[in-house]
Amino acid sequence: MEEGLCENSVPGSGSGLVDKTRIVEVKPLRSLAPVLPKSLQLSISGRYPSGFPPFVLFGEPVESQPSPTPIPAPIRSYRKPSDEEETPHEVNGDTSSPVEGVNGESVDDSPNRPSQPMKSCKTSQKRRKKTQDFGGSSSVGVISMAQRDDGDREVVNLVLMNFDSLRRRFCQLEDSKELNTMMGTKRPDLRATNVMTSKVFRTNMRRRVGAVPGVEIGDIFFLRMEMCHVGLHAQSMSGIDYMSVKDEFQEETVALSIVSSGVYDNDAEEEDILVYTGQGENFNKKDKHVVDQKLQRGNLALDRSTHRQNEVRVIRGLRDAVNKHAKFYVYDGLYKIQGSWIEKGKSGGGVFKYKFVRLPGQPSAFAVWKSIQKWKRGSSSRTGLILADLTTGVETIPVSLVNDVDNEKGPSFFTYSNSLRDSKPFSMVQSSYGCNCNKTCVPGDLSCSCIQRNEGDFPYIANGVLVSRRPLVHECGPMCKCFPNCKNRVSQTGLKHQMEVFKTKDRGWGLRSLDPIRAGTFICEYAGEVIDRAKVNKNGGYNDEYVFDTSRIYNSFKWNYEPSLLDEISSSSEDYTIPSPLIISSKNFGNVARYMNHSCSPNVFWQPVLYAENNQYFLHIAFFALRHIPPMAELTYDYGCSDHADGSSAPQGRKKCLCGSAKCRGSFG
DNA sequence: GCCAGGTCATTTTA
DNA sequence: CTAAAATGACCTGG
């Protein structure tokens with residue numbers, strides 16, 4: 001019965017079939033439908049049925065590829081809610097509209113609803129009305145009405161994934177000059193926000209005191225907008241979020257959440273205490289005379305919350321002590337305000353101070369980060385440290401070996417290597433290997449043969465983040481004329497995060513990172529010895545725990561944004577196209593990837609990457625972050641299932657899954 | 001080349 | 001409707 005659990009996608013089937021269940025037929029939004037850039041139009045027009053050129057195109061790329069003179073079509077700016085309300089609705093009258101009827105409007109008596117001591121007043125009602133206005137024909141039917149009000153883990157992840165995928169796509173278009181910057185904002189995060197807002201693709205829009213369903217303590221964010229979209233902190237800039245609540249007799253404001261970014265000099269010495277400065281400039285902008293903060297807006301809400309003793313969510317903005325470029329936000333759970341006072345600020349004016357105390361019994365989040373910073377600075381030693389660098393210098397960043405669980409002194413012996421051995425090249429007749437670009441390949445330059453192979457898309461944005469999952473990513477390689485620092489060589493640049501191999505409680509050794517990892521970031525390649533498939537069959541299968549096998553059956557999943565968000569008709573394929581299976585053993589030789597454990601709801605995925613070396617093309621397996629990964633969270637990917645579909649062989653190689661996720665399939669391997 | 005600090009455009013909510 | 005805001009991206013000068 002286990003077989004039935006992993007039947008969805010067959011890698012290497014090559015058809016690049018579109019998952020039809022994911023496509024919602026949405027009519028173009030009247031005349032305001034965005035004009036797609038050329039590369040997108042191509043894939044939609046059916047030139048390549050799967051949205052991607054067939055694998056065999058390598059030999060003769062020039063004539064079969066898109067014209068090298070792209071006409072950058074502008075993407076129209078996206079509709080805003082106000083436009084929506086003014087124009088009359090054009091009702092589709094079809095069944096594609098959201099499933100709200102099914103999931104029900106039992107909003108008021110939902111058992112999952114967190115207890116809320118105060119009733120929200122008109123603000124929330126107004127918002128809900130707005131939501132209903134949008135619930136009609138033009139919205140994406142993925143988020144139900146109920147989910148817009150109250151989310152859960154799955155919806156929160158769905159919203160974040162779509163938002164970031166859109167953002168990356170806008171970055172990509174911006175990089176390749178395919179976006180008309182006259183239209184709308186230049187900022188990709190705000191562009192993505194406009195799309196998500198106009199399609200009401202968000203959750204937890206009902207504002208609330210206390211925990212937000214689906215958002216967990218320790219979750220990290222890289223943009224303020226991300227927290228807006230999942231209802232953690234509704235303000236796009238302001239540090240204090242609050243709302244008006246009604247008592248029997250009076251109406252007053254209460255604070256819901258705060259973001260502590262370190263702009264004001266807040267005291268962050270103690271892990272469970274935060275002294276937060278009220279809002280308001282300390283000097284008058286015009287004549288620069290010193291002014292006091294006023295007890296209004298956020299300050300007033302914090303003052304009321306001090307008296308009411310309601311829970312306030314705290315988000316801490318953090319910066320790495322060593323690598324100051326890495327800024328992100330951690331949700332640190334619920335606090336209460338213990339007291340407030342007035343101080344003299346730096347410029348001499350009076351400022352409000354609020355003492356936040358963390359409620360006991362919550363999992364640690366900010367405290368974890370504090371510990372990491374201490375280890376990094378060397379001001380405290382890592383408990384259970386066995387080895388400072390198990391790569392013996394092979395990686396530029398050392399990978400430590402840690403066991404703070406039991407007495408095991410480390411995994412069995414192997415040779416650390418970050419390369420792929422005995423790899424079989426793809427035999428293809430090639431007139432040339434690699435591109436002829438000068439210095440670095442430029443996004444949007446369709447004369448670059450590597451970009452051509454990626455259908456005109458540059459697969460990565462400027463900071464090295466992968467834009468979308470695709471059947472195959474073509475990177476530049478050693479044979480390309482471009483310099484080694486070309487942005488299209490992401491998987492060849494080695495580890496970028498400070499990683500740690502650690503002993504798990506019940507699943508042997510595992511891998512985690514001390515640094516936060518942004519979604520789409522390259523983590524590592526799967527290194528090891530390539531195994532001959534014929535050999536494997538002769539010996540009756542491999543008896544090897546350390547194996548990666550592309551011919552296993554993997555659950556399909558969606559990482560790229562819903563095409564209907566941009567009114568695209570079909571989505572590009574996320575199914576891998578691998579001409580022949582690749583099996584890699586890291587038993588004797590391998591890198592950190594050999595320690596990544598399986599999970600049924602993983603935070604890492606693999607992506608085939610191809611580039612040329614020594615006059616031949618070789619396939620590599622690269623791992624990327626599926627979502628934002630908090631520091632110290634174990635890195636896991638889906639191992640898939642070996643093919644027992646014929647039913648003849650017992651699933652003896654299967655292991656009981658201990659991933660503990662809500663969607664656990666029970667076994668893997 | 002790195003940074004700190006200034007500036008600009010932008011969205012959110014009350 | 002407008003203003004304020006603990007943004008984010010970019011530019012400049014030391």
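Here is how names work: the chains are called A, B, and so on, in the same order as the sequence lines, proteins then strands, and each is numbered from 1. Everything numeric in this text was worked out from a predicted model, so none of it was measured. Reckoned from all heavy atoms, side chains included, excluding hydrogens, waters and symmetry mates.
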S.K.: Take the protein atom CD of A/Gln235 and the nucleotide atom P of C/dA6, then report the distance between them rounded to whole Å.
M.R.: 10 Å
S.K.: A/Ser261 side chain N/O closer than 4.0 Å to the phosphate oxygens (OP1, OP2) of C/dG8?
M.R.: no
S.K.: Using whole Å, what does the distance between atom C1' of nucleotide B/dA14 and atom CD of A/Glu252 come to?
M.R.: 15 Å
S.K.: Would you kindly give the CG-to-C1' distance between A/Leu223 and C/dG8, to the nearest whole Å?
M.R.: 8 Å
S.K.: Could you work out which one of B/dT12, B/dT10, B/dA14 sits closest to the side chain of A/Thr185?
M.R.: B/dT10
S.K.: Need to verify one output field. Residue with the more 5' nearest nucleotide on DNA chain B, A/Thr253 or A/Arg187?
M.R.: A/Arg187
S.K.: Any salt bridge between A/Lys199 and A/Asp567, counting N to O under 4.0 Å?
M.R.: yes
S.K.: Evaluate the ring planes of A/Tyr276 and A/Phe356, with Trp represented by its six-membered ring, and classify them as parallel (under 30°), tilted (30 to 60°) or perpendicular (over 60°).
M.R.: perpendicular
S.K.: Does C/dG8 have OP1 or OP2 under 4.0 Å away from a side-chain N or O of A/Tyr329?
M.R.: yes
S.K.: Could you let me know what B/dT10 is paired to, Watson-Crick or G-U wobble, both distances under 3.5 Å, or none if it's on its own?
M.R.: none
S.K.: Centres of the A/Phe222 and A/His628 rings: under 6.0 Å?
M.R.: yes
S.K.: Report the residue (A/Arg167 or A/Arg297) whose heavy-atom-nearest nucleotide on DNA chain C is the more 5′ of the two.
M.R.: A/Arg297
S.K.: Expressed as a whole number of angstroms, how long is the span from A/Asp189:CG to B/dA9:C1'?
M.R.: 11 Å
S.K.: Using a 4.0 Å heavy-atom cut-off, does A/Gly280 contact any base of the nucleic acid, only the sugar-phosphate backbone, or nothing at all?
M.R.: sugar-phosphate
S.K.: Expressed as a whole number of angstroms, how long is the span from A/Ile240:CD1 to B/dT12:P?
M.R.: 20 Å
S.K.: Select from A/His325 and A/Cys228 the residue whose nearest nucleotide in DNA chain B is closer to the 5' end of that strand.
M.R.: A/His325
S.K.: Looking at B/dA14, I'd like to know if its phosphate oxygens (OP1 or OP2) sit under 4.0 Å from a side-chain N or O belonging to A/Arg207.
M.R.: yes
S.K.: Measure the distance from CG on A/Leu190 to P on C/dA9 and round it to the nearest whole Å.
M.R.: 9 Å
S.K.: Output the rounded distance in Å from NZ (A/Lys327) to C1' (C/dT7).
M.R.: 7 Å
S.K.: If we check side-chain contact (heavy atoms from CB on, under 4.5 Å) with A/Tyr354, which of these qualifies: A/Asn299, A/Leu274, A/Ile240?
M.R.: A/Asn299
S.K.: Going by 5.5 Å between centroids and 30° between planes, is there a stack of A/Tyr276 over C/dA6?
M.R.: yes
S.K.: So that I can tick it off, tell me whether A/Asp164 and A/Arg168 are bridged by a salt bridge, with the cut-off set at under 4.0 angstrom between side-chain N and carboxylate O.
M.R.: yes
S.K.: Check the distance between B/dA9's C1' and A/Met237's CE and give it to me in whole angstrom.
M.R.: 8 Å
S.K.: Less than 3.5 Å between a donor and an acceptor, one on the side chain of A/Arg224 and one on the base of B/dT12, is that the case here?
M.R.: no
